[in-house]
Amino acid sequence: MIDNPYSSAVIAWFGTHARDLPWRADDASPWSILVSEIMLQQTPVVRVLPAWEAWMRRWPTPSALAAEPAGEAVRMWNRLGYPRRALNLHACAREITERHGGEVPSEHAALLALPGVGSYTAAAVASFAFGGRHAILDTNVRRVLARAHTGIEYPPKATTRAETRLAESLLPEDPATAVRWGAAVMELGALVCTARSPECSACPIADRCAWRAAGHPAHSGPPRVGQKYAGTDRQVRGRLLAVLRASPAPVHKPALDAVWDDPVQRERALDALVADGLVDPLDDGRYALPG
DNA sequence: AACGCGTGGCC
DNA sequence: TGGCCAAGCGT
């Protein structure tokens with residue numbers, strides 16, 4: 001049976017080059033896979049590894065996390081970044097406990113309904129935890145397909161219908177093969193077909209790569225604008241939350257005021273954290289992680 | 001449909 | 001050095 005022009009080579013490469021990641025173990029639970037996927041959103045594997053280990057040791061099941069206040073999740077999140085993900089994971093745990101009998105749902109639609117679970121994460125959990133046949137389209141896969149199939153260096157900024165259709169058209173028929181393909185092509189993007197320095201000499205589909213065949217033409221689309229960080233509200237939010245994480249007790253306002261000079265920006269950032277549910281303003285004027 | 005949202009490592 | 005990038009999501 002012919003699946004897609006790349007699948008057998010990529011899957012074979014995966015067999016010998018896949019990283020030994022703990023959430024890929026045979027006995028990894030659906031919950032542990034969901035936790036890994038949320039942590040991996042915009043965060044490199046090397047930083048997720050220790051955080052995932054600690055998290056799973058403390059909260060091996062959704063109900064274990066659901067039994068604790070959300071602030072404990074935010075504190076445990078430490079400096080992984082995008083701390084609303086900790087809130088999302090806690091809300092996931094509560095929903096799974098209350099509405100799914102304590103078991104992570106296996107259906108794509110049910111997963112998609114969980115907070116912080118979007119199209120990619122739902123497909124990844126349905127596929128990797130439950131063996132479902134779903135197209136995996138993350139930043140790694142998008143880059144591999146842009147190069148190998150479309151012949152361009154980088155995919156568009158936002159996922160297009162054409163990319164989704166392409167990924168679905170490449171999905172092997174057999175579910176187990178589809179799962180393997182998804183993990184394998186993602187790994188290829190992470191290890192070989194990287195954004196800055198692709199190692200075409202180590203690529204199992206170099207001889208079928210449209211971008212390489214065209215002589216590696218440079219990116220010709222609109223300039224890819226990066227995000228600033230220094231001086232932004234995000235930096236202020238990060239500092240404010242760091243103070244709260246470090247303190248076992250609620251903190252007084254002056255402790256928060258000390259982290260940023262500009263009072264307008266400081267207040268705006270604090271208000272936003274409260275609005276996001278990441279900070280709890282107490283009646284006595286102090287501030288705490290959410291209860 | 002752009003934009004906001006953390007953090008750290010790399011060349 | 002500083003911009004770029006890292007298994008996205010929600011609005």
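A note on names: the letters A, B, ... follow the listed sequences, proteins ahead of strands, and every chain is numbered from 1. This is a predicted model, so every value here is computed, not measured.
- Note: CG (A/Leu111) to P (C/dG8) measures 17 Å, nearest angstrom.
- A straight line from CG of A/Leu191 to P of C/dC5 spans 18 Å, rounded to a whole angstrom.
- For the pair A/Tyr120 OH and C/dG10 P, the computed distance is 14 Å after rounding to whole Å.
- Rounded to an integer number of Å, the gap from A/Arg224 CZ to C/dG3 C1' is 12 Å.
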Spell out protein contact along nucleotides 4-11 of chain B as letters: B when the base is contacted, S when just the sugar-phosphate is, - when no protein heavy atom is under 4.0 Å; keep the 5' to 3' order.
BBBBSBB-

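- A straight line from CG of A/Asp138 to C1' of C/dA6 spans 11 Å, rounded to a whole angstrom.
- Nearest approach of A/Ala66 to A/Thr97, heavy atoms of both residues: CB-OG1, 3.5 Å.
- Rounded to whole Å, the separation between the P atoms of C/dT11 and B/dG6 comes to 15 Å.
- Rounded to an integer number of Å, the gap from CZ of A/Phe128 to C1' of C/dA7 is 8 Å.
- Nucleotides B/dC3 and C/dC4 place their P atoms 15 Å apart, quoted to the nearest Å.
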Mind listing the side-chain donor-acceptor pairs of residues 18-27 of chain A below 3.5 Å, one per line with the distance, residues two or more places apart or on another chain?
unit_1  : atom_1 : unit_2   : atom_2 : d
A/Arg19 : NE     : A/Glu187 : OE1    : 3.4
A/Arg19 : NE     : A/Glu187 : OE2    : 3.0
A/Arg19 : NH2    : A/Glu187 : OE1    : 2.8
A/Arg24 : NH1    : A/Arg19  : O      : 3.0
A/Arg24 : NH1    : A/Glu187 : OE2    : 3.2
A/Arg24 : NH2    : A/Glu187 : OE1    : 2.7

A/Arg99 vs A/Glu95, test: salt bridge (charged side-chain N to carboxylate O under 4.0 Å, His left out). Steps then yes/no.
CA-CA 5 Å; A/Arg99 301 181 38 203; A/Glu95 269 198 49; 3.3 Å; yes

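- Note on ring orientation: taking the six-membered ring where Trp is involved, the planes of A/Trp59 and A/Trp55 are perpendicular (angle over 60°, cut-offs 30° and 60°).
- The line from CD1 of A/Ile38 to CZ of A/Arg85 is 8.5 Å long, rounded to the nearest 0.5 Å.
- A/Arg24 places its CZ atom 11 Å from the P atom of C/dA7, with the value rounded to the nearest Å.
- Atom CG of A/Leu40 and atom C1' of C/dC9 are 15 Å apart (whole Å).
- Taking CD of A/Glu153 as the start and CZ of A/Arg147 as the end, the distance is 5.5 Å to the nearest 0.5 Å.
- Residues from residues 139-167 of chain A lying near DNA chain B, meaning a heavy-atom separation below 4.0 Å, are absent.
- With P as the reference atom, B/dC11 and C/dA7 are 16 Å apart, rounded to whole Å.
- Mapped onto DNA chain C by nearest heavy atom, A/Leu112 and A/Ser36 fall at different nucleotides, with A/Ser36 at the one closer to the 5' end.
- Partner of A/Arg266 under the salt bridge (charged side-chain N to carboxylate O under 4.0 Å, His left out) criterion, chosen from A/Asp261, A/Asp233, A/Asp257: A/Asp257.
- Other residues, nucleotides and ligands contribute only 12 or fewer heavy atoms inside 6.0 Å of the CD atom of A/Glu103.
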